[in-house]
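Within every chain, numbering begins at 1; the chains are lettered A, B, ... in the order of the sequence lines, protein sequences first and strands thereafter.
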Amino acid sequence: MTTNTTELPTTYSPADVETKWYKTWEDGKYFKPKKGKANKSFCIIVPPPNVTGKLHAGHALDITTQDSLIRFKRMKGFETLLLPGLDHAGISTQSVVEKMVFEQEKKTRRDFSREEFVKKIWAWKEEYGNHILNQQRAMGTSCDWDYLTFTLDPIPNKAVKKFFVDMYNQKMIYQSDYIVNWDPMLQSAVSEAEVEHKDVQGNFFHIKYAIKGSDETLEVATTRPETLFGDTAVAVNPNDDRFKHLIGKTAIIPLCNREVPIIGDEHVDLEKGTGCLKVTPGHDFNDFEIGKRHKLPIINILNKDGTLNEYGLEFAGLASKVARNVVSKKLDELGLLLDKKPHMHPVGHGERSGVPIEPMVSKQWFVNVSDMSKRAVAAVENGDMKFYPKEWENTYYSWLRNPKDWCISRQLWWGHQIPVFYCDNNHQWASEHDVTECPTCKSKNVHQDPDVLDTWFSSGLWPMSTLGWPDPKAMEEKKFSTFFPTTVLITGYDIIFFWVARMMMMSLQTQNQVPFKDTYIHAIVRDKLGRKMSKSLGNGIDPFDMIAQYGTDAFRFTLAAGSGYNRNINLDPDRIGGFRNFINKVWNAFRFIYPHLQTGSAQITDMSKLDHHERWILAELNTTTKIMNESMEIYRYDDASSAIYSFVYDKYCSWFIELSKNILNGDDAAIKARRVSVLKFAFRKILALMHPLTPFITEELWAHLKEANEDLLIAQDYPEYDKALEFTQDQDQMNKFVEVVTSIRNLRASVNIKPKDEVNVELFTDNQELIKYFRENLVNFQELARVKNLSVGNKELNRPNKSIMNVLTHTEIFVPLDGVIDLKEQISRLEKELTKTKADFAKYEAKMKNENFMKNAPENVREEVLVNVRELGEKIHSIEENLVQFKS
RNA sequence: GGGCGUUUAGCUCAGCUGGGAGAGCGCUACCCUUACAAGGUAGAUGUCGGGGGUUCGAACCCCUCAACGCCCACCA
């Protein structure tokens with residue numbers, strides 16, 4: 001890093017430095033866990049993105065919040081680990097490859113053997129799988145890449161098998177004929193959580209059912225007439241006087257003329273439909289329950305692709321939606337369709353496929369979660385795991401307090417194959433190892449269950465398996481005991497059910513511990529109008545575009561500034577542009593001190609020799625340090641970013657640098673050196689404070705500011721609050737100085753004095769400390785307000801005649817003018833100010849005179865009111881006095 | 001149907017346990033002032049969704065109404 005020869009450009013170019021520093025950090029092994037002075041570990045497992053994935057704005061937010069925290073804790077001396085991974089994402093990956101193969105070869109997966117097709121998916125994964133990881137690198141993620149784990153790697157596979165087999169042997173995993181959500185497109189069962197309910201416009205069909213041996217008929221209401229082929233009963237409410245005499249008789253299903261019993265069941269709603277319900281246990285969740293209660297037979301009328309099977313008679317082969325219309329038409333022709341009216345009703349759709357889900361009975365594997373879910377609830381109730389923000393625990397509870405057994409088998413090829421084996425003598429057993437013979441009958445003719453496990457089954461074990469569990473050697477190598485339980489999980493609220501709940505259950509089950517102590521739920525990134533980003537709307541924001549346009553630091557800072565306890569971030573690229581300008585401001589602040597780097601040291605040797613402004617900036621820096629530390633600890637990235645933003649912009653750049661110009665241009669070497677030291681000291685702290693949020697520019701500038709023997713910024717200590725740097729009097733005086741300077745500028749602007757032209761200024765105040773302070777700041781008034789001569793005096797002194805003036809609570813400001821003054825305008829301005837001040841005054845005076853207020857309000861509030869009454873009273877007095885003068 | 005959330009400046013949002021309405025972007029005027037025009041200085045803009053209540057005092061607490069959004073449940 002050459003400090004003195006390079007000419008620095010006026011704008012910062014992110015692209016030039018980002019790849020350079022990432023490589024330097026990675027090659028220098030700065031991302032690897034190291035024991036530090038805090039003597040504690042801090043671990044975040046990155047939610048593994050899908051191998052099919054491309055980085056989207058949500059991932060960028062994940063990374064920003066996780067990496068900022070990791071960098072923060074690393075600098076604070078924690079042994080940090082940010083652990084990366086990739087998810088095989090069963091359904092979506094298989095679909096992507098199926099689609100690709102179909103496009104390229106016009107073949108479906110069924111044209112290949114399972115082995116051949118899975119090989120194709122692996123090839124695809126090898127080619128594209130790492131893409132998203134490189135995008136994560138571009139975001140600056142300080143992961144230890146040696147920990148990179150894929151959900152189908154050997155260790156996660158061991159974990160999956162171990163959990164499955166243990167639970168199988170405890171009978172907590174069982175196989176059952178059960179009504180599941182069948183996705184006819186994927187031709188697989190999917191879990192409850194993978195079904196989305198959407199309102200769909202359908203019809204209510206009223207169908208006439210004959211009753212055997214009677215002239216009476218029943219009018220049954222349904223939205224799905226095509227399922228009547230699967231009816232095995234008709235149900236009425238036993239308390240329904242209209243129909244209860246029919247219970248026990250036999251109804252005849254139209255079209256197929258099957259005889260079924262008429263049963264009484266409380267589930268039937270008297271109000272809904274006609275009060276008569278056709279019972280189709282094979283294709284309706286409620287009917288399935290009714291069927292169990294009444295021991296009704298189950299008839300499956302659908303093929304795996306959702307078309308009617310042979311039970312559909314002449315309609316066999318039709319898709320259920322088509323069959324619905326055809327069947328209803330046929331019923332109409334036969335005079336059996338009594339009514340048909342439009343009806344909006346919710347229909348489950350496959351989350352991945354988007355097609356309507358068919359409830360269907362089939363043999364599937366389930367996990368009994370009743371015990372695990374109770375433990376998972378308790379762990380949050382008793383504080384072992386805390387949600388930030390806290391409200392999200394309700395979402396978590398609502399799912400876990402009312403759990404349904406988890407259907408874990410999927411009829412796919414891509415995933416962890418279920419470790420259950422069968423022999424030709426119908427024995428069944430589970431095994432963690434490959435098997436060649438049946439343990440019961442020793443038959444060599446064995447085969448494994450063809451189904452694979454739900455993707456979330458391996459995801460649920462992720463915090464353990466990435467740290468080596470259950471392999472003792474891997475656990476040792478990966479320091480399981482150091483990093484488990486991990487510190488915090490950071491993710492979006494959309495996967496609290498899918499993932500957070502399952503990790504909690506599976507970790508409590510296998511480790512008897514929570515998998516992480518905190519869960520920070522960050523917002524969902526939306527477009528600037530608050531709409532979800534989606535392909536169909538075309539409103540997605542590509543992180544890569546943002547990085548290219550504004551730089552990674554600006555993008556990260558924007559995301560951090562938007563992340564607190566909110567649930568949406570409406571991301572407007574203009575905002576990123578705003579923060580890009582801020583990053584550039586930091587760059588230029590450095591350009592300002594750059595020529596003076598050799599003049600002062602980086603440490604402040606003698607605190608007692610500092611001047612007012614130096615003490616002031618250190619006090620402000622100290623306050624900022626405190627806010628940043630506190631905010632990062634509780635995931636308030638928004639508060640942290642706004643604290644450093646306003647310190648850098650409004651304190652360091654706008655005032656401290658401006659106040660330093662005359663010193664640096666002066667010739668008092670000692671004062672100059674001291675000021676440079678403070679500038680440098682504060683700037684080094686700024687870089688350290690900002691580094692977790694904006695790693696690249698800060699590391700780049702640090703290279704210029706660091707001492708020869710100092711390490712990279714990523715490895716420096718994070719600044720801490722220091723009581724020795726509290727200087728309240730200097731802060732108070734500086735605030736008054738700023739007020740006066742602003743007021744002079746305001747006066748100048750009000751009469752259009754050119755920025756270059758100098759003016760004389762007279763200040764009047766009764767505060768003797770201030771008089772002294774203002775006099776010491778003569779040169780600063782000259783610089784910052786273009787003042788020529790300044791006089792400061794007591795309020796007893798006479799005021800200049802021809803002048804414009806402002807009144808502050810502590811000081812009167814006069815700018816005498818030689819030319820013609822628009823008296824009218826001055827008077828009107830003063831009168832406006834007087835009205836405003838009087839209104840303010842009245843407010844406080846009323847409070848002061850209110851006995852109840854004086855009795856009840858806390859002392860500091862009372863004190864403030866009294867001060868305001870006094871100061872505003874003085875201000876009114878001043879304005880009135882001066883108005884008299886102007887008017888005379 | 002059950003639950004949660006949101007409503008503050010033109011836009012996107014902050015505002016911690018109640019005590020003087022804020023930021024960024026945008027806008028207006030004037031400035032190429034020797035770190036920065038991705039800049040500087042000054043400035044305008046708000047019945048804090050409506051109504052009621054508690055309180056000495058409400059953007060903040062309670063009730064109520066309205067609009068919008070999300071989650072869960074439910075194919076009669």
Exercise for review: Map A/I569 and A/K847 onto RNA chain B by nearest heavy atom, then report which one ends up closer to the 5' terminus.
Suggested key: A/I569
Check your understanding: Choosing from B/rA42, B/rG39, B/rC31, which nucleotide comes nearest the side chain of A/N746?
Key -> B/rA42
Practice item. Have a look at A/H596 and say if it touches a base, only the backbone sugar-phosphate, or nothing, with a 4.0 Å heavy-atom cut-off. Key: nothing
Exercise for review: Have a look at A/T222 and say if it touches a base, only the backbone sugar-phosphate, or nothing, with a 4.0 Å heavy-atom cut-off.
Suggested key: sugar-phosphate
Point to revise | Residue mapping more 5' on RNA chain B - nearest nucleotide basis, A/S743 or A/P356 | key: A/S743
Practice item. May I ask you to check whether A/W392 and A/F387 place their ring centers less than 6.0 Å from one another? Key: no
Review point. From B/rA35, B/rA76, B/rC75, pick the nucleotide closest to the side chain of A/A221?
Key: B/rA76
Practice item. Please measure how far the C1' atom in B/rA14 lies from the corresponding atom in B/rC32, and state the result in whole Å. Key: 35 Å
Review point. With rounding to whole Å, what would you report as the distance between B/rU54 and B/rU8 at their P atoms?
Key: 27 Å
Check your understanding: Looking across every strand, which nucleic acid part, if any, lies under 4.0 Å from A/T742 by heavy atom: base, sugar-phosphate, or nothing?
Key -> sugar-phosphate
Practice item. Tell me whether the OP1 or OP2 atom of B/rA35 has a side-chain N or O from A/K661 closer than 4.0 Å. Key: yes
Point to revise | Nearest-nucleotide pick for A/D284, side chain only, options being B/rG43, B/rA35, B/rC75 | key: B/rC75
Review point. How far, in whole Å, is B/rC60 from B/rA35 if one measures between their P atoms?
Key: 48 Å
Practice item. Identify whether NZ of Lys or CZ of Arg in A/R636 sits under 6.0 Å from the centre of the six-membered ring of A/Y565 and within 45° of that ring's axis. Key: yes
Review point. Nearest of B/rC36, B/rU12, B/rA38 to any side-chain atom of A/R591?
Key: B/rC36
**Study point:** Inter-nucleotide C1' distance (B/rA73, B/rU6), Å rounded
**Key:** 23 Å
Exercise for review: Answer with base, sugar-phosphate or nothing: what part of the nucleic acid does A/Y565 contact at a heavy-atom distance below 4.0 Å?
Suggested key: nothing
Check your understanding: Any idea which of B/rG24, B/rA35, B/rC36 is nearest the A/Y645 side chain?
Key -> B/rG24
Exercise for review: Select base, sugar-phosphate, or nothing to describe what A/F582 touches, counting heavy atoms under 4.0 Å on all strands.
Suggested key: nothing
Review point. Looking across every strand, which nucleic acid part, if any, lies under 4.0 Å from A/I583 by heavy atom: base, sugar-phosphate, or nothing?
Key: nothing
Check your understanding: Heavy atom of residues 632-641 of chain A under 4.0 Å from RNA chain B: which residues?
Key -> A/R636
Check your understanding: Hey, do the aromatic rings of A/F579 and A/Y645 have their centres closer than 6.0 Å?
Key -> yes
Review point. How about A/F555 and A/L571: do any of their side-chain heavy atoms sit closer than 4.5 Å?
Key: yes
Exercise for review: Choose from B/rA35, B/rC75, B/rA42 the nucleotide whose nearest atom is closest to any side-chain atom of A/A749.
Suggested key: B/rA42
Review point. So does A/K585 reach the base of B/rC36 with its side chain, donor to acceptor, closer than 3.5 Å?
Key: yes
Exercise for review: Between B/rU41 and B/rA23, how far apart are the P atoms? Round to whole Å, please.
Suggested key: 14 Å
Check your understanding: Mind checking whether A/F590 and A/I697 have side chains closer than 4.5 Å, heavy atoms only?
Key -> no
Point to revise | Touch class at under 4.0 angstrom, heavy-atom based, for A/E658 against every strand present | key: base
Exercise for review: For A/I593, answer base if it contacts any base atom (sugar-phosphate contacts may also be present), sugar-phosphate if it contacts only those atoms, and nothing otherwise; contact means non-hydrogen atoms under 4.0 Å.
Suggested key: nothing
Point to revise | Secondary-structure stems for RNA chain B, with pairs counted as Watson-Crick or G-U when both distances are under 3.5 Å and runs at least 3 long | key: B:1-7 with B:66-72, B:10-13 with B:22-25, B:27-31 with B:39-43, B:49-53 with B:61-65
Check your understanding: More than 12 non-hydrogen atoms from neighbouring residues, nucleotides or ligands closer than 6.0 Å to NZ on A/K672, yes or no?
Key -> yes
Practice item. Tell me which residues in residues 850-868 of chain A put a heavy atom below 4.0 Å from RNA chain B, sorted by number, or none. Key: A/N850, A/N852, A/F853, A/N856, A/A857, A/P858, A/V861, A/N868
Exercise for review: Quick one: label A/T395 by what it contacts on the DNA or RNA (base, sugar-phosphate, nothing), any heavy atom closer than 4.0 Å.
Suggested key: nothing
Practice item. For A/N566, report the nucleic acid contact type (base, sugar-phosphate, nothing); a contact means any heavy atom under 4.0 Å. Key: sugar-phosphate
Practice item. Mind checking A/K278 for me? I need base, sugar-phosphate or nothing, with any heavy atom below 4.0 Å counting as a touch. Key: nothing
Review point. NA contact type, A/V268, heavy-atom cut-off 4.0 Å: base, sugar-phosphate, or nothing?
Key: base
Review point. Of the candidate nucleotides B/rC25, B/rA35, B/rA42, which contains the atom at the shortest distance from the side chain of A/D574?
Key: B/rC25
Practice item. Please measure how far the P atom in B/rG51 lies from the corresponding atom in B/rA59, and state the result in whole Å. Key: 13 Å
Practice item. Please lay out, stage by stage, how A/T280 and A/D231 fare under the test side-chain hydrogen bond (donor to acceptor under 3.5 Å, both in side chains). Key: CA-CA 4 Å; A/T280 323; A/D231 287 4; 2.9 Å; yes
Review point. Are A/N568 and B/rC70 close enough that a side-chain N or O sits under 4.0 Å from OP1 or OP2?
Key: no
Check your understanding: Taking OH from A/Y649 and C1' from B/rA38, how many angstroms apart are they, rounded to a whole number?
Key -> 8 Å
Exercise for review: Report which part of the nucleic acid A/P359 touches: base, sugar-phosphate, or nothing (heavy-atom distance under 4.0 Å, all strands).
Suggested key: base
Check your understanding: So what does A/R745 touch, heavy atoms closer than 4.0 Å: a base, only the sugar-phosphate, or nothing?
Key -> sugar-phosphate
Review point. Is there a donor-acceptor pair closer than 3.5 Å between any side-chain N or O of A/R748 and the backbone N or O of A/D757?
Key: yes
Check your understanding: Can A/V220 and A/L228 be said to form a side-chain contact (heavy atoms from CB on, under 4.5 Å), step by step?
Key -> CA-CA 11 Å; A/V220 170; A/L228 62 81; over 6 Å; no
**Study point:** Qualifying residue for side-chain contact (heavy atoms from CB on, under 4.5 Å) with A/I644, from A/I627, A/T624, A/V586, A/T694
**Key:** A/T624
Point to revise | Electrostatic pair A/R242:A/E219 at N-O distance under 4.0 angstrom | key: no
Check your understanding: Can you tell me how far C1' in B/rG10 sits from the matching atom in B/rG46, rounded to whole Å?
Key -> 12 Å
Point to revise | salt bridge (charged side-chain N to carboxylate O under 4.0 Å, His left out) between A/E864 and A/K847, worked out | key: CA-CA 11 Å; A/E864 210 181 301; A/K847 280 195 177 189; over 6 Å; no
Point to revise | Shortest non-hydrogen separation from A/P9 to A/R591 and the atoms involved | key: O-CD, 3.2 Å
Check your understanding: Considering only the C1' atoms, how many Å lie between B/rC65 and B/rU7, rounded to the nearest integer?
Key -> 14 Å
Check your understanding: Between A/E851 and A/K855, does at least one N-O distance fall below 4.0 Å, as a salt bridge requires?
Key -> no
